[in-house]
Every structure is written in C-alpha cells, then in structure tokens.
Amino acid sequence: MISPADFFTELDKLRINFFTGVPDSLLQSFCAYIEDTLPKSQHTITANEGNALAMAAGYYLGTGKPACVYMQNSGLGNVVNPLTSLTDAEVYRIPALLVIGWRGEPGVKDEPQHVKQGRITPQMLELLGVPYFSLNAQSDFQDVLLQAITIMQQAQSPVALLVHKDTFSSYKPAQDSATFSTFSREAALKTLLLLSEADTAMIATTGKTSRELYELREQAGQSQRDFLTVGSMGHASSIALGLALSRPDQKVTCLDGDGALLMHLGAAAIIGQSKASNLLHVVLNNCAHESVGGQQTVAGDIDLQSMALALGYGHYFKASSAEELELLWPECAAATGPNLLEISIACGSRANLARPKSTPEQNKLAFMEHLGHVNH
C-alpha cells in the first residue's frame, strides 16, 4: 500500500502543495494526512467538486502552479462544467491534478449507486479529454506521478489519477472530529419518527442517515415507506420540494445532512421561495462529512437561522436533544412551511450499522405505494 505521507512528499517535490476537494472514503487516509499537515491557506474542503476545481484555477492564476483536486468519482458530475468551460486546453489551459477515488470499479463489490458511475468513469474522463492514470497499492507511485505531471505540464490542462480501493495505507488523524453535540443521529431520527404523523413522506439524504432510517423501520416492525436517496448527494431537498409541490396536502419531511446542504446550497434558496407550506427541511448537523471519514464542514460556523429566514423559509427551529425536540415539535408541526429544523448531532454510528436490503427500485416502489400509487 502507498503511505499517504510518502505520496504527499512526492507531490511536494513536484511543486504541488495546494489541495482542495470533497472527501471520499477511498481517499480518507490521504485527506486526513493533508488536513493534519497543511495550514488552511494550503488546504480547503469545498462544498462541491466544481468549487474545488475553480479554486484550483484561481490558485494557478495567482501562482503559476497547479493544485491537487481530490474527489470521489461520483463528484465528476459536479466538475464537468469547469472541466469543459474553464480549465480545458481549448479554453483557459489551466493544469490541475485530479485525484479521484474509484467507487464502483468493475469487479469490485460496491453499493448500487456507485455501480453505473464506476463503470463509466474511464469513458467520462476520455470524453472530457482528461488523460488518466491508474493508481493502486502495487503502483510505483513516483513513476505514475511523474508521468501524470509531465503530461499535465505539456497539455496545460487537468490530468487524473484513478485511485483503486485499498490503495493508501491507514492514517489516523491527529485529532478526532470536534463534538458539537451528544445527541446521536440515530436517536434524533428515532425521535422524529415517533413525533411525526404516520403518513408523513420522508426523504432521506445519502449516507448513514438513510441506513439508520431503514434500520429504525425494521426495528419497529414497520414496512419500508421512506425514500432513501442512496446517491445524489445534495439533492434530497430538491426531491422533497418536487414532491411537496406535487402533493400539497401531503406532509413532506426532508432528512438532510450539513455536508449535503452545503454541496448544493442554492436549492435552499429555491425552497425558501417556493412557499411549499407542507415541507419541513431537517438538517442533521454534525459539522462533518461523517460517511467518508469525518472531515469537518464549515456548518459549525454558519448561522443557519439567519440564512434560512433570509432565503424565505417561514420558520426556523433548533434542537440538540430528544427533550428539546419534543418540546418544540408541536409548534414546528403546526407552523406553515417551508420550515427549517436544525438538529445538532454527534459524529459516529453503530459499528454494526447495516445497509438496506432492498434495491433502489424496490425502495422507490414501496415509497410510491405509501403515497397511494396503485400503478407505477
């Protein structure tokens, strides 16, 4: 396996010492090493991958040096526009090294939302005109990096490293994620389910929120009735809005995360102006990208109340315990939406947390049946 420290040292030798991106589970140790090693002036965790490549472009304009942009391959969708209209050799000719975690690689077992993306990732890079190199645990990474950087400098445009599963050796962060609450996400979800009306339509964001919600239904002996957004990070709130507008008499609750909220924050502005009176937007805020390693988001430094009200949400509520949630719930449930409910939660989940047994399509059909659809 490749040591994150050795990989970082080699990048530094090649004059790449500015890093930005969105964390990925396959790059977890590499990202943790960067976070521990570099000051904030040299490393920024961005809201989405397009932001990261644009930052890399700005860094290049100011220094003449390329930056490293890291991401999961699912983030390629967010970076297509700046790759084709900003950094491309036919536009501004701005070099950057893309380090991409290859989820859903053919032949490697992964979750359903990664299978299609994993299969088409090489073809996407080819279509975009981005040369790429494979990086795995057995790679001569110094040689791979030298080849990639040489082509990047010649073409004056981005090149990519496709990082396979288990490429980097383990690195434990010097400091664990900051704790902003002792209220676990699972306890918060359980409390919300107990308080919500049984026919409420729940839309859950990707990651552990959907997994915990699925298990809570199983533990309660309830049929599956929630829409579990296993991919599409940052889009659960827009799914919820589309549903709320199409079914104005149906109560809709979006169970969102802080990282997902920030990834496509513009959706909150549209929700605020939608006047969807039946929509409750819940943000489970642990100030971290927990599902991919626990790297901090900036959500701990943002006044979500002022933001929500400025964007047009009808009301804002906040809780950090089951007791607080129970106390505010009557007012929250009665208030005309769209409303934002921020719940401060702790990082962490059960070690034995399982994944949904149903396929995404089965989940969709069960959800539509809960809404009263007979024919799909």
Side-chain angles (χ1 to χ4, degrees), residues 47-48 50 77-78 113 188-189 192-193 195-207 209-210 213-214 217 223-285 299 304-318 328-343 360-376:
N48 67 56
N78 287 330
Q113 69 269 26
L189 290 171
L192 281 170
L193 290 183
L195 293 170
S196 299
E197 294 180 16
D199 65 347
T200 300
M202 299 276 188
I203 309 286
T205 189
T206 188
T209 300
S210 284
L213 182 60
Y214 181 91
R217 292 294 192 193
S223 61
Q224 293 301 321
R225 65 191 70 175
D226 312 303
F227 189 82
L228 310 176
T229 316
V230 293
S232 301
M233 181 173 171
H235 293 301
S237 61
S238 294
I239 296 170
L241 176 61
L243 174 62
L245 292 175
S246 72
R247 301 283 290 269
D249 295 327
Q250 169 72 58
K251 287 196 172 183
V252 178
T253 296
C254 175
L255 301 171
D256 218 351
D258 54 289
L261 173 73
L262 293 170
M263 179 164 279
H264 295 297
L265 191 57
I270 303 304
I271 291 170
Q273 297 302 310
S274 71
K275 309 307 177 188
S277 60
N278 53 332
L279 177 58
L280 175 62
H281 189 178
V282 178
V283 178
L284 298 157
N285 188 2
L304 290 185
Q305 177 177 11
S306 296
M307 183 201 79
L309 296 178
L311 291 177
Y313 282 75
H315 304 83
Y316 166 89
F317 304 91
K318 184 173 184 178
L328 66 79
W329 187 255
E331 183 183 358
C332 180
T336 299
N339 298 320
L340 188 83
L341 168 58
E342 179 184 1
I343 304 179
E361 184 180 13
Q362 288 170 337
N363 170 235
K364 177 201 73 174
L365 294 175
F367 179 72
M368 293 181 74
E369 183 177 341
H370 173 63
L371 292 177
H373 288 277
V374 177
N375 298 313
H376 308 306

For [X], all residues meeting side-chain contact (heavy atoms from CB on, under 4.5 Å), sequence neighbours excluded:
| X | result |
| --- | --- |
| Gln273 | none |
| Lys318 | Tyr316, Glu342, Ser344 |
| Gln362 | Ser358, Thr359 |
| Thr336 | Ser277 |

| request: For the pair Ser196 and Met202, evaluate side-chain contact (heavy atoms from CB on, under 4.5 Å) and give the outcome as yes or no after the intermediate values. | output: CA-CA 10 Å; Ser196 299; Met202 299 276 188; 3.5 Å; yes
*asked:* So, using ring pair (Phe, Tyr, Trp, His ring centres under 6.0 Å) as the criterion, who are the partners of Phe367 when residues are at least two apart?
replied: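 Phe367: ring pair (Phe, Tyr, Trp, His ring centres under 6.0 Å) contacts with Phe227.
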Quiz item: Partners of His264 by ring pair (Phe, Tyr, Trp, His ring centres under 6.0 Å), sequence neighbours excluded?
Solution: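 For His264, the residues satisfying ring pair (Phe, Tyr, Trp, His ring centres under 6.0 Å) (neighbours in sequence not counted) are His235.
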Task: Distance (rounded to the nearest 0.5 Å) between Ile203 CD1 and Leu213 CG - done: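 It is 10.5 Å, given to the nearest 0.5 Å.
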**Asked** For the atom pair CG (Leu228) and OG1 (Thr206), what is the distance rounded to the nearest 0.5 Å?
**Response**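 OG1 of Thr206 is found 10.0 Å from CG of Leu228.
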Notebook entry, point to check: How far apart are the C-alpha atoms of Asp226 and Leu255, what are their side-chain angles, what is the distance that settles it, and do they pass the side-chain contact (heavy atoms from CB on, under 4.5 Å) test?
Noted result: CA-CA 10 Å; Asp226 312 303; Leu255 301 171; over 6 Å; no
Side-chain heavy-atom pair [X], [Y] within 4.5 angstrom cut-off:
| X | Y | result |
| --- | --- | --- |
| Leu371 | Leu243 | yes |
| Ile343 | Leu192 | yes |
| Leu341 | Leu328 | yes |

Got a sec, which residues hit salt bridge (charged side-chain N to carboxylate O under 4.0 Å, His left out) with Arg225, two or more places apart in sequence or on another chain?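 Arg225 satisfies salt bridge (charged side-chain N to carboxylate O under 4.0 Å, His left out) with no other residue.
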- prompt: Is Asn278 reaching over with its side chain to a backbone N or O of Ala244, donor-acceptor style, under 3.5 angstrom?
  reply: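 Yes; at least one donor-acceptor contact below 3.5 Å.
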May I ask you to decide if Thr205's main-chain N or O and Ser210's side chain share a donor-acceptor pair within less than 3.5 Å?
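Here the side-chain-to-backbone pair exists.
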**Request:** Please assess Leu365 against Glu369 for the test side-chain contact (heavy atoms from CB on, under 4.5 Å), listing each intermediate value before the final yes or no.
**Result:** CA-CA 6 Å; Leu365 294 175; Glu369 183 177 341; over 6 Å; no
Holding to side-chain hydrogen bond (donor to acceptor under 3.5 Å, both in side chains), I want the full list of residues that pass it with [X], two or more places apart in sequence or in another chain.
| X | answer |
| --- | --- |
| Gln113 | none |
| His315 | Asn339 |
| Tyr214 | none |

Which atoms form the tightest heavy-atom contact between [X] and [Y], and what is the distance?
| X | Y | answer |
| --- | --- | --- |
| Ala299 | Asn285 | CB-OD1, 3.5 Å |
| Phe317 | Ala335 | CZ-CB, 4.1 Å |
| Ala308 | Leu340 | CB-CD2, 3.7 Å |
| Ser274 | Pro338 | OG-CG, 4.2 Å |

**Request:** Output every pair passing side chain to side chain donor-acceptor pair (under 3.5 Å) with a member in residues 246-259, not counting sequence neighbours, ordered by first then second residue.
**Result:**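 Every pair satisfying side chain to side chain donor-acceptor pair (under 3.5 Å) with a residue in residues 246-259: Glu197-Lys251, Asp256-His281, Asp258-Thr297.
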Assess the residue pair Leu261 and Ser237 against the criterion (side-chain contact (heavy atoms from CB on, under 4.5 Å)); give the C-alpha distance rounded to whole Å, side-chain angles, the decisive distance to 0.1 Å, and a yes or no.
CA-CA 8 Å; Leu261 173 73; Ser237 61; 5.9 Å; no
